[in-house]
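Let me begin by presenting the structure, written as structure tokens, before commenting on it.
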Amino acid sequence: MRNSQRSQKIAFSLLFSATLLIVVPVGLIIVLIIQKGIPAIDWQFLTDIPRKGMREGGIFPAIVGTLYLVAGAIVFSLPIGLLAAIYLSEYAKDNALNRIIKLAIVNLAGVPSVVYGLFGLAMFVVFFKFGASILSGSLTLGIMILPIIITASREALESVPYSFREVSLSLGASKWQTIRHIVLPNAIPGILTGTILGIGRAAGETAPILFTVAAFYLPKLPKSIFDQAMALPYHLYVISTQVPNVDEKIRYGTALVLLVLVLFMNLIAIVIRYQFRKRKKW
Amino acid sequence: MVKISVKNLNIWFDSTQALKDVSLDIYANEILSIIGPANSGKTTFLRTLNRLNELERQFRMEGAVDYDGVDIHSLDTQILRKKTGMVFALPLPLPLSIFDNVAYGSRMHGIKDKKILLEIVEKALKEAYLWDEVKDRLSTSAFKLSGGQQQRLCIARTLAVGPEVILFDEPCSGLDPISTAKVEQAMILLKETYTIVLVTNNVKQAARVGTRTAFFLSGEMVEIDKTERIFTAPADDRTNDYIEGKFG
Ligand SMILES: Nc1ncnc2c1ncn2[C@@H]1O[C@H](COP(=O)(O)OP(=O)(O)OP(=O)(O)O)[C@@H](O)[C@H]1O
Ligand SMILES: [Mg+2]
């Protein structure tokens, strides 16, 4: 009795300190960014183009560029990723080849983003001749987040109880009807989780957009998907390392905007997911 | 009239044989009870009739099952399953409202008209003795119902598709005596219009509702006969032992 209580306490404190160890640094970073970034945030900062060699003015083109890139990446990768996930989890036979494919996709999520950048450069910029453009950048980011979306969607699909499928089939529904009306609606929360992770990754990465879309300094908004664009992570990199004497508050302000933007996009997905979770009934 | 005819049915899952040379006929408008201890192949037998077993990768079958004189493998699977409804051992409502559960099958078969759907749902719920209990809350989640109500909902959902045969797999195994009585009552009335195959490990239930009873043991069908005969003068000693509770 004594002993089990003591090990209970030890387990609790270990688990608790591990959690603390994760939460504290993240919390500190966020506090730091907010504290140092807030002074930079005003209407002009959010809506003006960068001025005076990016040492003054705003970051509007970078905000817009990032929004375009993330939206483009999702528009490209969510449908394809979802279809692939449906194929892999519902239709693909459980043989060696398909198991290798699934394993490969899981591992692709771990490939360094700069590799995707080089791939995007070779594939979209050079081979397809899209040039450095929003299109190339979106496709590159889309390919980078495909494995995340496929893996999360597969897990979501596979977590829908098998018995639901049997019931649906036993009522004479076809396999596709079963997927469409029973499996998919119940997998949406999990699919959205994958999408959230994808959004965060796409919005934050610098390397994949470095060669495929990002403009060093482009004080106007893109007019079409074939235009170059500024983007927040790359802009942050530029003003932090390439341009001397940029005020600290502008750098932190940019980081803060990026952070809030990702949080905001995640929030949308979280709200949708919450709505669906409420309806989940087993 | 023979509705389903099973001839020399052998079934394997990988190397384990689940059914051994089973031959029997199921007549129209009878309740055929199938009794037998655990792992005797009762569920496997049922799931062969609507080809649900074939979803299993390791499944292999020999022999033939004829539905109205036609081999089930030459019928369209969806049509076969529409004609042979199934009620599973546990209540398995779909994560939908009460109405949508019952309307699900009809919708999948292309019925869109709200009024027709409502008629179908009402009729099926009445047949399953559930209408009065749920008519005021058709749009609430099916998971809000009690276990017994859920099982009758599943029966209604099966009926709504308009089957000819209904396969019950231990439909009362999770239910209390009152719910069980209600489900049995529903089954006896359904016999008028449907052919029923009832797998049960409740011997008394077989005696109460079955027109005929088959006894399965370790994948073999030991005997099949009129229910009174099985329970009063079975031909095989093993049947007698099982009914008297000596094993299983
Ligand atoms: N999907 C499957 N994969 C592998 N083996 C299976 C499968 N389904 C059934 N079996 C095997 O077939 C045999 C018969 O099982 P079945 O479920 O038909 O028995 P049962 O009579 O319905 O038993 P219970 O009364 O416990 O429901 C068992 O040995 C079981 O392990
Ligand atoms: Mg069984």
Side-chain angles (χ1 to χ4, degrees), chain A residues 82 86-102 153-193 272-282, chain B residues 43 46-47 49-58 75-98 100-110 124 140-145 150 153-154 156-163 165-167 169:
Chain A
L82 189 53
I86 292 174
Y87 174 75
L88 288 172
S89 64
E90 305 291 326
Y91 287 96
K93 297 217 167 58
D94 187 26
N95 56 28
L97 176 67
N98 283 318
R99 250 172 284 160
I100 292 172
I101 291 177
K102 288 177 188 174
S153 302
R154 263 188 51 215
E155 278 167 13
L157 294 167
E158 282 161 19
S159 73
V160 175
Y162 188 69
S163 56
F164 290 170
R165 297 160 215 246
E166 280 194 344
V167 166
S168 174
L169 292 171
S170 82
L171 290 165
S174 69
K175 184 164 181 167
W176 171 245
Q177 284 178 324
T178 301
I179 293 170
R180 163 78 187 71
H181 294 278
I182 300 297
V183 181
L184 263 184
N186 290 292
I188 284 178
I191 294 167
L192 284 173
T193 306
I272 305 175
R273 186 175 62 170
Y274 175 74
Q275 292 298 330
F276 276 95
R277 276 269 159 80
K278 268 205 315 210
R279 281 173 40 194
K280 184 167 171 170
K281 296 163 196 117
W282 75 85
Chain B
T43 300
L46 270 197
R47 290 165 60 94
L49 302 184
N50 65 354
R51 296 183 61 183
L52 219 48
N53 269 333
E54 291 169 37
L55 302 174
E56 234 68 55
R57 275 202 325 126
Q58 330 89 326
L75 291 171
D76 179 88
T77 325
Q78 278 175 254
I79 292 174
L80 174 74
R81 290 189 183 140
K82 205 179 147 186
K83 287 185 177 171
T84 53
M86 182 162 214
V87 177
F88 295 81
L90 294 171
L92 286 174
L94 293 168
L96 303 166
S97 72
I98 294 174
D100 289 343
N101 259 279
V102 183
Y104 182 80
S106 308
R107 284 199 171 122
M108 293 307 112
H109 298 121
T140 54
S141 162
F143 289 85
K144 297 250 165 74
L145 298 173
Q150 286 185 11
L153 178 76
C154 293
R157 185 177 61 196
T158 303
L159 296 175
V161 180
V165 179
I166 307 173
L167 312 170
D169 189 2

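Proteins come first, then strands; the chains are lettered A, B, ... in the order of their sequence lines, and each starts at number 1. What you see below is based on every heavy atom in this structure, not just the backbone, and it leaves out hydrogens, waters and symmetry mates.
- Contacts with chain A were tallied for T77(B), V161(B), L92(B); L92(B) has the most, counting heavy-atom pairs under 4.5 Å.
- Proximity to chain A (any heavy atom under 4.5 Å) is restricted, for R47(B), to the side chain, taken from C-beta onward.
- Within the 4.5 angstrom heavy-atom criterion, no atom of P163(B) approaches chain A.
- Here the straight-line distance linking atom NE2 of H109(B) with atom CD of Q177(A) works out to 7.0 Å at 0.5 Å rounding.
- When all heavy atoms are compared, the tightest approach of L94(B) to F164(A) is CD2-O, 3.8 Å.
- Contact of L52(B) with chain A is made through the side chain alone, with heavy-atom distances under 4.5 Å.
- Evaluation of the side chain to side chain contact (heavy atoms under 4.5 Å, CB included) rule for E158(A) yields S89(A), R154(A) as partners, not counting sequence neighbours.
- Applying a 4.5 Å heavy-atom cutoff, the residues of residues 165-175 of chain A that approach chain B are E166(A), V167(A), S168(A), L169(A), S170(A), L171(A), G172(A), A173(A), S174(A).
- Within residues 78-85 of chain B, the residues having any heavy atom closer than 4.5 Å to a heavy atom of chain A are Q78(B), R81(B), K82(B), T84(B), listed by residue number.
- Every residue meeting the side chain to side chain donor-acceptor pair (under 3.5 Å) condition with R99(A), not counting sequence neighbours, appears here in chain and number order: D94(A).
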